[in-house]
Amino acid sequence: MAKHALITGITGQDGAYLAKLLLEKGYRVFGLIARRGTDTLWRLRELGIEAQVELLNGDLTDLSSLIRAMEKSQAGEIYNLGAQSFVATSWEQPLLTAQVTGVSVTNMLEALRIVNSKARFYQASTSEMFGLIQAEKQDETTPFYPRSPYGAAKLYGHWMTINYRESFAIHASSGILFNHESPLRGIEFVTRKVTDAVARIKQGKQKKLHLGNIEALRDWGFAGDYVEAMWLMLQQEQPDDYVIATGRTTTVRDMCRIAFAHVGLSPEDHLVIDPQFFRPAEVGILLGNPAKAKAKLGWEAQTSLETLITLMVDADMRRVGRE
């Protein structure tokens with residue numbers, strides 16, 4: 001019989017790539033969807049899997065709907081990827097972020113404990129929990145110091161996952177994922193904002209790109225690589241927490257240079273530093289140490305930043321060209 005998996009946040013970047021991976025492995029894939037907004041399924045459609053995924057109505061803030069989703073799906077693996085995941089928005093909507101990104105993790109764990117405590121649970125943690133970094137390279141033992149409502153909410157969810165694992169012997173693992181991007185990334189995130197702007201500037205539909213702190217350093221990987229690490233965590237005999245990263249950090253400035261150079265342009269001719277895009281509390285540098293994931297999961301990033309950014313620029317060139 002096919003394994004059953006339930007994915008929250010299935011309409012997001014990671015949810016779509018994970019659904020594709022699980023379908024390729026023969027899983028029956030269920031996705032929780034809140035039915036808000038307009039076209040939320042475009043990522044599933046872009047990957048050609050929209051018809052293969054079984055969608056269930058539910059909301060992370062509604063425990064009863066989570067219980068029903070787990071009962072209907074009979075999932076043995078539950079991947080909690082749903083969240084309010086944009087850091088800038090968390091400053092504008094801190095209470096919503098606390099509920100949807102933080103408290104909802106407890107809702108998921110409670111639903112799992114009620115319906116099937118033997119199911120395996122994955123929590124999408126984040127490098128934003130490190131915030132004001134306490135070590136040059138961050139691993140699973142590095143102290144946390146979140147610098148945004150988003151990072152603080154994710155840290156609550158991270159610790160609740162550990163608490164349920166230790167209190168109720170639930171197979172619950174957290175992936176502390178560093179920044180991971182793709183052609184499916186939301187337009188509000190800096191990498192996709194850059195690649196979309198590069199495509200528009202190249203095609204004469206935009207003149208300038210407005211950014212904030214371009215000296216911020218990030219450890220960027222490919223989302224398609226990172227979802228494999230999520231799956232590997234739930235295949236282990238014992239649950240645990242893992243940093244998932246490339247081990248390389250790059251400035252926003254240099255990421256822009258790669259994107260503009262791919263279409264024969266110079267960022268200096270188009271880049272505008274705009275104070276409105278600076279965060280109230282900046283995270284200057286993030287650099288992950290994925291040694292544990294390599295040693296225990298056999299996982300390591302396969303896609304270089306240069307390859308990733310060119311993939312994203314090419315995808316946006318096609319999109320902008322179709323407009």
Side-chain angles (χ1 to χ4, degrees), residues 6-9 12 14-15 18 60-61 63 66 77-87 89-90 94-113 119-135 137-180 218-219 221 223 226-227 229-234 236 238-245 281 283 286-293 296-297 299:
L6 173 64
I7 303 172
T8 73
D14 293 6
L18 177 61
L60 290 171
T61 63
L63 177 61
L66 300 180
E77 295 179 12
I78 296 163
Y79 296 86
N80 187 37
L81 312 185
Q84 190 300 99
S85 59
F86 189 45
V87 174
T89 297
S90 78
L95 299 180
L96 175 74
T97 301
Q99 288 294 324
V100 175
T101 304
V103 175
S104 68
V105 181
T106 309
N107 290 341
M108 288 293 296
L109 289 163
E110 274 295 285
L112 181 151
R113 193 161 71 95
R120 297 188 172 194
F121 181 81
Y122 171 84
Q123 167 60 17
S125 292
T126 172
S127 59
E128 289 287 334
M129 300 187 308
F130 293 118
L132 187 62
I133 59 169
Q134 306 296 294
K137 213 170 186 183
Q138 299 88 57
D139 62 19
E140 297 79 6
T141 65
T142 304
F144 299 115
Y145 195 138
R147 297 268 281 173
S148 67
Y150 170 73
K154 277 290 189 180
L155 186 53
Y156 170 83
H158 179 77
W159 277 112
M160 288 305 291
T161 301
I162 293 170
N163 270 264
Y164 271 68
R165 178 169 75 214
E166 296 178 349
S167 301
F168 304 114
I170 290 173
H171 194 296
S173 295
S174 285
I176 307 172
L177 271 59
F178 280 64
N179 295 67
H180 46 291
R218 292 293 181 269
D219 184 330
Y226 284 32
V227 297
M230 300 176 188
W231 176 76
L232 285 168
M233 288 178 214
L234 297 201
Q236 304 306 303
Q238 297 298 325
D240 208 343
D241 305 321
Y242 296 88
V243 162
I244 304 300
V283 175
L286 290 171
L287 173 60
N289 178 2
K292 180 179 175 181
K296 292 198 170 184
L297 303 178
W299 180 91

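Expressed to the nearest 0.5 Å, how far CD1 of Ile162 lies from OG of Ser125 amounts to 7.5 Å. One finds the OG1 atom of Thr126 at 10.5 Å from the CG atom of Leu155 (value rounded to the nearest 0.5 Å).
Between the Asn80 side chain and the Gln123 main chain, no donor and acceptor come within less than 3.5 Å of each other. A donor-acceptor pair under 3.5 Å links the side-chain atoms of His180 to the main chain of Phe178, judged by distance alone. Lys296 contributes no side-chain N or O that, together with a main-chain N or O of Met233, makes up a donor-acceptor pair within less than 3.5 Å. The backbone N or O of Gly288 lies less than 3.5 Å from a partner atom in the side chain of Asp219, making a donor-acceptor pair. With hydrogens and angles disregarded, a donor-acceptor distance shorter than 3.5 Å links the side chain of Gln236 to the backbone of Leu232. Between the Thr8 side chain and the Leu81 main chain, a donor and an acceptor come within less than 3.5 Å of each other.
Using a 4.5 Å heavy-atom threshold, the side chains of Phe121 and Arg165 count as separate. Contact check for Phe144 versus Ile176: side-chain heavy atoms found under the 4.5 Å cut-off. Side-chain contact between Val100 and Thr61 is present, with heavy atoms from C-beta onward closer than 4.5 Å. Looking at Tyr156 and Val105, their side chains never come closer than 4.5 Å, going by heavy atoms from C-beta outward. For the pair Ile7/Met230, no side-chain contact is recorded, criterion being any heavy-atom separation below 4.5 Å from C-beta on. Proximity of Thr161 to Leu109: side-chain heavy atoms (C-beta onward) are separated by under 4.5 Å at one or more points. Considering only heavy atoms from C-beta on, Leu286 comes within 4.5 Å of Glu128 through its side chain. When side chains are defined from C-beta on, Lys292 counts as touching Asp240, because their heavy atoms get closer than 4.5 Å.
Side-chain contact annotation: Thr97 with Gln84, donor-acceptor N/O pair under 3.5 Å present. Side-chain polar atoms of Thr142 and Asp139 form a donor-acceptor pair below 3.5 angstrom.
Listed by chain and number, the residues in a ring-ring contact (aromatic ring centres under 6.0 Å, His included) with Tyr145 amount to none (sequence neighbours excluded). Legend: residues meeting salt bridge (charged side-chain N to carboxylate O under 4.0 Å, His left out) with Lys137, ordered by chain and number and at least two apart, are absent. Residues passing the side-chain hydrogen bond (donor to acceptor under 3.5 Å, both in side chains) test with Glu110 are Arg113, Tyr164, sequence neighbours excluded.
Shown here for Leu234 and Ile78, the closest heavy-atom pair between the two residues is CD1-O, 4.2 Å.
Taking the six-membered ring for Trp and the full ring otherwise, the centers of Tyr122 and Trp231 sit at least 6.0 Å from each other.
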